[in-house]
Amino acid sequence: GVETSVQYVKGVGPRLGAIFQSRGVATVRDLLTFFPRAYEDRTRLQTVAEIREDTVATIPLTVSGSRRIPLRSRGGMMLEVRCTDSEGRALYLKYFHVPRGLEPRFQAGARLVATGKVKSYQSRYEIVHPEITWGASAAGAAPAAIPAAGQWPSRGVPPGAAPPAAEAAGAEAHVGRVVPIYTEIEGVPSRTLRKVLWEALEKYSPQLSEDLPRRFLDAHALPRIQDAVRDIHFPAADAKAAPQAIEALLQFNTSSHHRLIYEEFFKFEYLVLRNKLHRQKEAAPPIGLAGGDQAVQDLTRALPFALTGDQQKAVSEILVDLRQPHPMNRLIQGDVGSGKTAVAFVTAGAALAEGGQAALMAPTEILAEQHYKNAVKFFGGRLNVGMLVGKTPQAERTKLLARLAAGEPMLLIGTHALLEDPVVFDNLVMIMIDEQHRFGVEQRRILRRKGTREVTDPASGQKMLVHPHFLVLTATPIPRTLALTAYGDLAVSTIKEMPPGRTPVKTQLVAGDQRLKAYESVRQQLREGRQAYFIYPLVNESEAEGFTDLRSAVLEAERLGTEVYPEFKVGLLHGQMKPEEKARIMDQFSRGELHILVSTTVIEVGVDVPNSTVICVDHAERFGLSQLHQLRGRVGRGKHQSYCFLFTQKRPSEITQLRLDVLEKTTDGFEIAEADLDLRGPGEFLGTRQAGSLPFRLANLVRDKEWLLKARNDAIELLREDPDLLQTEHQPLRDYFLREGRLQSDRLKTS
Ligand code: ADP
Ligand code: MG
């Protein structure tokens, strides 16, 4: 069956088998699901005159001669084959290591079709290590017959993988078609891979069994697994008959692709949602009815402002969660400045009012201190807050920890310092994490564990675990598709509405020589009493290995202070400074003693100085859109019109221009997030590690959104009907998860 070791596939054997093994292709099933990463359209044969440098071309050629050239540097030899096309133009094929048996075949007059990336070297076109198909007629071969969909010959010429006999007979198997391209496996020529796949598909694809319930596939008119897998490797599409079919293939937009993409999403969503169900069954202390809800109302009234509608909505969603005897798992997402912290504060009040403790963890000391000051300022003594950061003096720390251990109801605000072992809560019932994507999964787990306790169930007398409620905040709005995948186990509250009295920030791209004009606009603002940020990608020049043209915060602080704005006070803030130093500079800036703050992205998170009205970001092209949007959120926090200048190189590339245009046009973080996902992939939001762990081989969160939603709905339906997959028709899926599912779900947990 498909569990057979890959080495028993015809044409593989122990040596090749070992190579496959080392790349995680151990069984026949692994081989069959080693899907192409792309397709190459070789339906169009080209001539040398049509070649564009640095693109892949497929060209019928006639050999006119070959020679060996000694390589001085390496002591080896290079083989150079001179060819001409049908119009007599020359093209050279080059080999730095010559595959065995190949050289004697390059006889003058021999005909071949070469495929590969064309380079120009000393004004001659060449292809290094081309893929060769022998004997294909240079006079524009007709594509070999391709089986019609559904009519797969039991024994035929594999498209793009001609067996040697057929090659000798001059079959045009690698041209005149769309050829699958695989992720390279070192030591395995792509032709060999295709041939092996062909053999494996012939023999084993009928044995692939269906994991998914038939009715879902039928509902979406998706093909059977056997057909889909075969089709994806060796698609039955004929360009001349249907150019759209080729296009669909190149875009991974055929029903076979849909089928396999849907399957990936379905299995993934089932696990995510099942996780969520399990979490919902865990125990947590219900909060609200014993004074908590009342406290939230009182605190809300104490605020120096009225909550916006979206803030109120988020508060009530949280209160509903807290009232359950199960842990809340909620994400609040809202643009910078939308007032997420206020929501966190008032709801923490519910926990405290009922004798519980709460923790709010922020990624930087600056931010933790700002939260602490705000909490004190907003509520006076009405909310009992404490602060614990790295620099908290020992005496103070000891006292604080004693109060915690004694069970004093308190909101403890802090940084990573909260994670340290000596920090022991007596009754931590609510955990809040600000800018949650700044923390790793493990850090979130540690904090959660500090609130997990073993108690004896009064009803049954059995021991059980009680978990804390969990709330995470993020100012990086997450595109819906990502929220459903990476954060699929969290409930989401969204704050879209900004607090009143804010005017959207005006954003402008500044290329090259317009820089001076922008400096003058900044000066104008400073003269009117406002303040400005200047942001750079580097702290200092020495970091700039290989990027020596990048400006750094240290040098630019100097230059801006002496040359550009000698009449104003310039401060410098970056991540390599000591925490006290950072706090001192930040203090000076928020008191208005500094007019300009030069910084790296350390100020990205949360800093709140309403008198700042300008932010200039240098080398804007080096930042993600969401990151730029966050930086921009540092301004526009007060009553004055604010500005954001995005400096780029002299002539920004088209892509850069396109990307940054998005920022010029909209201040909606969600729209920007979608664009960012389109342009940069999920790593931008999740951190590359987390994004890399999304187990999708074919599926793409941007391209295949529609299938994600379908799969999710179906998974929900399945979980509702038969959550543990006990019915016979769900047995195959259950078997699949028993076989492989655990592995995936372990990689997945967000908290
Ligand atoms: P976020 O963390 O979402 O970026 P903050 O919670 O730091 O935003 O709030 C940004 C600023 O807006 C703070 O100065 C806060 O006091 C203020 N603020 C929050 N909510 C309101 C509101 N409803 N009305 C007026 N100001 C508000
Ligand atoms: Mg914040």
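Both counts, for ligands and for their atoms, begin at 1 and track the order of listing. This one's a predicted model, so the numbers in the text were calculated from it and none came from an experiment.
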If you round to the nearest 0.5 Å, how far is CG of Leu594 from CD of Gln531?
8.0 Å
Return the set of residues passing salt bridge (charged side-chain N to carboxylate O under 4.0 Å, His left out) with Arg382 (not counting sequence neighbours), or none when no residue passes.
none
Checking the N or O distance criterion of under 3.5 Å, is ligand 1 in contact with Phe305?
no
Can you name the atoms of ligand 1, numbered from 1 with element, that are less than 4.0 Å from a heavy atom of Ser338?
3 (O), 8 (O)
Go through ligand 1 atom by atom and flag the ones less than 4.0 Å from a non-hydrogen atom of Arg637.
4 (O), 10 (C)
N or O contact, Pro499 vs ligand 1, cut-off under 3.5 Å:
no
On the 0 to 90° scale, with breaks at 30° and 60°, tag the His371-Phe345 ring pair as parallel, tilted or perpendicular.
perpendicular
Taking the minimum heavy-atom distance to atom 1 (P) of ligand 1, which of Met498, Lys377, Lys340 ranks first?
Lys340
Any sub-3.5 Å donor-acceptor pair from Glu556's side-chain atoms to Val598's backbone N or O?
no
So, does Glu435 use its side chain to make a donor-acceptor pair with the main chain of Ala362 at under 3.5 Å?
no
Taking distance alone, with N or O pairs closer than 3.5 Å, would you say Phe378 contacts ligand 1?
no
Determine, using heavy atoms of Ala475 and all atoms of ligand 1, whether some pair is separated by less than 4.0 Å.
no
Hey, does Gly334 sit under 4.0 Å from ligand 1 if you only count heavy atoms?
no
Checking Lys582 against Glu369 for the salt bridge (Lys or Arg N to Asp or Glu O under 4.0 Å) test, could you report, in this order, the C-alpha distance in whole Å, the side-chain angles of both residues, the deciding distance, and whether it holds?
CA-CA 12 Å; Lys582 277 194 266 186; Glu369 284 182 337; over 6 Å; no
Atoms of ligand 1 under 4.0 Å from any heavy atom of Ala306, numbered from 1 in the order shown, are 22 (C), 23 (N), 24 (N)
Could you see which bit of Pro610 sits under 4.0 Å from ligand 1, with heavy atoms only: side chain, backbone, both or neither?
neither
Assess the pair Tyr519 and Phe645: is the distance between their ring centroids shorter than 6.0 Å?
no
Minimum distance, heavy atoms only, to atom 2 (O) of ligand 1: which one of Thr308, Thr341, Asp335 is it?
Thr341
ring-ring contact (aromatic ring centres under 6.0 Å, His included) partners for His574, two or more places apart:
none
